[in-house]
Amino acid sequence: MSAEEERLRLQASIEGLAELQPLVSARRILSTRQRNLGIAVLAMLVVGCIIDLVATVSVLVAIVTIFYVAAIVYRLALFRASAKPSTTEVVSDEEARAVPDDQLPVYTVLIPAYGEPEVISELIQRISHFEYPPDRLDVKLLIEADDEPTIRAIYEAVPGDQFELVRIPPAEPRTKPKALNYGLGLARGEFVAIYDAEDEPEPLQLRRAVVALRRLPPDVGCIQAKLGYHNSMQNIITKWFTIEYSLWFSFFLPGLASMSAPIPLGGTSNHFRRVVLQSLGAWDPFNVTEDADLGIRMFREGYTVRVLESVTLEEANSDFVNWMKQRSRWLKGYLQTYFVHLRHPNELRKELGWKGLMHYTMFVGGTPILAMINPIFWLMTILWFVAKPHFIEEIFPAPIYYLGLISWTFGNFLLVYVTIMSCRIGHRGRLLIPAMLVPFYWVMMSMAAVKSLFQLLRAPNFWEKTAHGLHHNQPRRQDLPTS
Amino acid sequence: MTLLADRPTAGPQGAPSASFGYVTPRSRWSRFGHRLGSEGGLFFLFAYAVYQAIAWLLDWKYLDFEGDAVSRVANGFYVLHSRDPHLGAIGFVWNPLSSVADIPLLLFNSFWPALASHDVAGTTVSALAMAGAVYQLNALLREWKVNVVPRVLLTLFFLGNPMILLFGGNGMSEGLYLFAMVATARYLLRWLRQDDLASLVYAASALGIAYLERSEPVAAALLAAPFVCWVSFTRSPGDRRSRVWSGLTDAVILVAPIVTCFLAWAAVSWVIVGQPFEQFTSKYGNAALIANSHIPKGHLSTRVIHELHGILYLAPALPVILVAALLVATYRRDAQIWVLVTVLGGCLGFTMVTYLLNAIFPWYRYYIMVVPIEVLLVGILFAQPVRIYRAGAAPPPVEPEPDPVAEGPYGSSRRSQQERRRRTRGYVGAAIATVVTLALLIPSIPGTMKGMDNPTIAPDTDLYFGYIWHKHPNADDKAAKAAFPAVESIASYIDKQHFANGDIVVDTADNCIPNVVTDVDNPRVFVITNDRDFQRVLDDPLTFGAHYLMVQGNGSSQTDAVGQQYPGIDKANWAHLAHAFPSEGFCVNFRLYKVTGHPQGTY
């Protein structure tokens with residue numbers, strides 16, 4: 001590749017979406033209109049507080065309480081919807097192996113990595129053991145050109161011909177989606193899969209994806225494999241993480257799919273049709289949860305996402321600080337995505353429909369916002385039990401008070417109960433104690449949410465890298481999902 | 001374990017049902033009508049009609065109200081229509097569900113005052129609830145695949161048992177209690193059979209709701225949890241550790257709702273009245289009331305005999321039924337009997353033990369659990385058994401596929417011969433079941449009636465309802481008959497005086513006053529114990545706008561806070577007797593004092 005070609009490709013991968021669809025690029029967090037609207041609302045609040053502090057706060061409290069109740073009802077509805085017959089695509093081993101090699105398409109596998117010399121060689125080994133003809137594999141290892149340790153590790157691993165080392169010229173923003181865009185520009189395959197450097201996909205996954213995507217209608221733009229953890233029993237954080245994922249893949253994702261809602265994608269083991277991906281403008285390099293954003297954009301253009309019955313094992317974050325970084329990035333990304341797509345609410349509503357808009361608000365917007373507000377209300381509840389200060393009585397008029405009381409007792413109980421139920425369904429009875437302690441996990445999430453808010457205001461496109469390979473010092477204890 | 005409950009569903013909305021060769025769209029209304037016309041639906045409607053008829057009789061013809069029923073509906077009434085309407089007025093001494101269930105109907109009390117004064121709200125709710133219990137029992141028998149004739153008989157024996165008839169129509173807590181407990185048993189049995197999470201969750205929810213109604217379900221939870229744990233441990237696949245965890249998780253799933261209800265109720269009570277366990281600590285709770293009552297305590301052995309005597313009246317054939325059920329269940333290694341023992345038997349056991357410990361009153365209604373127990377123990381004799389096997393150790397199903405080659409040319413006729421033989425065996429089995437059901441359960445009807453009529457065995461039913469069927473009314477009957485007229489006369493006196501709001505301070509704990517409060521035109525004239533400022537007004541009535549104190553008896557009654565605070569009110573210089581109500585019915589010795597000064601010193 002000539003230097004000129006490199007520069008053009010780099011520019012396309014950074015600016016591509018911003019030029020194709022400037023309205024949905026996260027380059028700026030808030031559009032001018034949104035910013036002005038935000039300032040106006042803030043001004044109104046200040047004026048309201050000056051005129052009548054109690055009434056203003058009461059109104060805010062009432063709005064939040066109703067939102068809480070709605071969020072709980074929504075999650076329960078998802079839970080119930082998930083009990084319908086499964087919407088996962090099941091491709092049996094025989095079906096997957098039945099396709100003769102010459103009828104398999106070229107499959108592009110994009111693997112962005114940044115500073116991962118420890119794990120990259122394992123990954124190369126695993127991909128070499130994929131049950132897919134190597135001459136039809138187009139594996140692109142997307143490495144930043146100045147990441148010497150990783151490049152050296154790749155050379156030492158002596159990868160086969162299906163691997164191509166793509167050196168991305170160093171440029172801001174240094175994010176995963178920018179790397180993916182760059183790699184997509186060089187892709188040859190009919191289908192595109194994304195994996196992280198530390199992933200362990202099951203060997204037949206690509207074949208299954210081919211079978212599934214071929215038999216599904218063309219409006220299915222992406223099929224998502226299930227994610228699991230190989231170190232789920234390492235410590236309480238990994239156990240909570242495992243519970244969270246099992247809730248997501250066993251309940252919320254099937255529930256969203258069966259309610260035909262826009263689905264935020266998971267960041268790995270996505271299998272796309274390349275034409276769909278390119279027509280959408282691929283990923284947004286300025287969004288730190290580019291997967292969620294892509295999922296929403298897909299839905300807006302009329303494509304759907306399905307789940308593939310195939311597991312990719314990942315490493316669950318076992319370190320508190322690391323977990324914080326990762327989670328605050330996710331929450332920041334959800335907020336980013338939420339505001340970006342809300343720039344033209346009318347169009348959003350036309351493309352999502354009222355139901356889709358509701359799903360979008362409750363899930364993409366609700367998750368970070370509620371996580372941030374939670375600490376305030378928990379503090380108020382504890383204060384109320386202990387000291388019964390008068391001001392709380394004032395800002396909670398009777399109907400809101402009872403609504404709040406019910407949502408606090410009943411709602412929280414239901415969420416913990418649903419968590420315990422999900423452990424049972426996944427035959428993960430061993431996660432019972434962490435499931436009962438999950439409220440402390442919510443506290444952690446609230447801390448991450450507050451951090452994400454600060455980051456959003458100070459450094460919106462900053463991608464906080466998650467450290468991997470922390471499991472290397474631990475004996476491998478896993479708790480595989482059996483259903 | 002799957003999430004889906006194995007229930008016959010109508011299929012996705014709008015899906016055609018291909019019956020009789022043409023396509024009929026299944027709209028939501030037609031599905032609803034289908035369910036109403038089904039066996040369960042018809043039983044529910046019939047039972048409701050019967051209990052509602054009894055309720056009408058009690059409320060309007062006989063004007064017969066049991067004290068606790070009136071208190072329940074009054075508590076709901078106070079939340080909405082008292083001088084200080086607030087949710088905390090529901091009261092924290094007794095479990096709240098009956099009162100809360102009455103509140104939706106009581107919202108219309110301004111249009112129809114009889115909802116509270118004639119307990120129509122309470123009796124309607126109990127009629128619906130008891131009909132629900134009938135439905136659940138019938139559904140349970142259907143899921144047991146009991147043949148239709150004995151099944152209908154068993155349901156009728158439950159529906160028509162005199163205790164059930166009475167407590168379906170009288171607004172007491174038994175209706176909701178039986179509904180919740182029979183539902184718990186039904187869903188737990190379904191879980192045993194199907195091993196699906198949804199049934200377990202329904203059972204757990206029913207158990208939690210039952211606690212909000214009565215305290216007995218705590219014992220059921222304590223007994224059922226280890227059973228569920230053991231079943232899950234035995235049935236789960238995997239290594240020993242994960243099986244233990246599966247068992248523990250299922251036990252937690254079963255008891256989480258009831259534990260949460262227990263803790264949440266205690267927490268709410270603590271926040272609102274400052275005490276988490278009012279049912280034990282309050283002076284209006286059972287413990288205090290019994291300690292102060294004049295019920296003779298007697299020896300343990302006497303009480304045991306008394307209890308067994310009462311139970312035998314309810315179910316004379318119970319020893320035979322019990323032995324038969326245990327023998328049959330042991331022979332068939334049917335684990336379902338344990339559900340009945342832990343869930344329903346646990347509740348009955350709680351009642352029996354607390355009575356022996358002298359912690360509850362000797363009311364006959366506490367033994368109402370005997371009725372569904374006897375019916376279901378008879379039913380289990382004809383039920384499809386469920387055995388618990390280790391994972392992978394279950395034997396394959398018995399029905400072999402008909403093999404046309406092996407059968408030969410006469411195979412189909414031989415199969416139809418087998419079918420005919422099976423059907424005949426089915427008829428014979430159903431006939432035996434019918435005869436056994438009749439033999440074991442017919443004696444329970446006259447037995448129950450005799451028990452309810454016996455003043456030693458059943459002081460409550462005999463006292464409150466005896467006058468309806470006694471040919472020669474005794475003193476108690478006369479009092480019960482005069483109860484409502486007495487209430488009405490007090491209420492009409494108060495109405496005529498045109499008191500202002502908050503004029504009369506009175507304790508609402510006894511049997512007469514709640515009915516008066518719900519009967520007067522303006523309930524806000526009363527300052528009642530559930531009002532948040534009750535103690536403050538009682539301490540100094542005149543300063544806080546109250547001019548009258550209503551005192552009962554001679555001031556030593558446990559249920560009269562006013563009298564207890566001012567035992568010497570007769571001789572006080574700050575109050576004088578304004579009116580002494582005649583002692584009629586259950587309104588004994590109520591006196592109205594007019595307050596002219598301040599009780600504490602003179603100022």
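These numbers were taken from a predicted model, which means no experiment stands behind them. Residue numbers start from 1 in every chain, and the chains themselves are labelled A, B, ... in the order their sequence lines are given, proteins ahead of strands.
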S.K.: So for B:Val201, is it side chain, backbone, both, or neither that comes closer than 4.5 Å to the heavy atoms of chain A?
M.R.: both
S.K.: Compare all side-chain heavy atoms of B:Val259 with those of A:Phe413 and state whether any distance is below 4.5 angstrom.
M.R.: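 B:Val259 vs A:Phe413: side chains apart.
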S.K.: What residue, out of B:Ala264, B:Ser236, B:Gly238, B:Pro257, has the most heavy-atom pairs lying under 4.5 Å from chain A?
M.R.: B:Pro257
S.K.: Check the surroundings of atom CZ in A:Phe440: do more than 12 heavy atoms from other residues, nucleotides or ligands lie under 6.0 Å from it?
M.R.: no
S.K.: At a heavy-atom distance under 4.5 Å, which candidate from B:Val252, B:Leu248, B:Leu263 has the highest pair count against chain A?
M.R.: B:Val252
S.K.: Can you confirm whether B:Trp270 is buried at CH2, in the sense that more than 12 heavy atoms of other residues, nucleotides or ligands lie under 6.0 Å from that atom?
M.R.: no
S.K.: Enter the distance from B:Ile253:CD1 to A:Ile420:CD1 here, rounded to the nearest 0.5 Å.
M.R.: 7.0 Å
S.K.: Just checking B:Trp265: does its CH2 atom have more than 12 heavy atoms from other residues, nucleotides or ligands closer to it than 6.0 angstrom?
M.R.: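 Yes, enclosed.
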S.K.: Return yes when atom CZ of B:Arg390 has more than 12 non-hydrogen atoms of other residues, nucleotides or ligands closer than 6.0 Å, and no otherwise.
M.R.: no
S.K.: Hey, what do you get for CG (B:Leu197) to CZ (A:Arg424), rounding to the nearest 0.5 Å?
M.R.: 7.5 Å
S.K.: Does CZ in A:Phe410 sit with more than 12 non-hydrogen atoms of other residues, nucleotides or ligands closer than 6.0 Å?
M.R.: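 12 or below, so no.
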S.K.: Search all heavy atoms of B:Ala204 against all heavy atoms of A:Tyr417 and return the closest pair with its distance.
M.R.: CB-OH, 3.3 Å
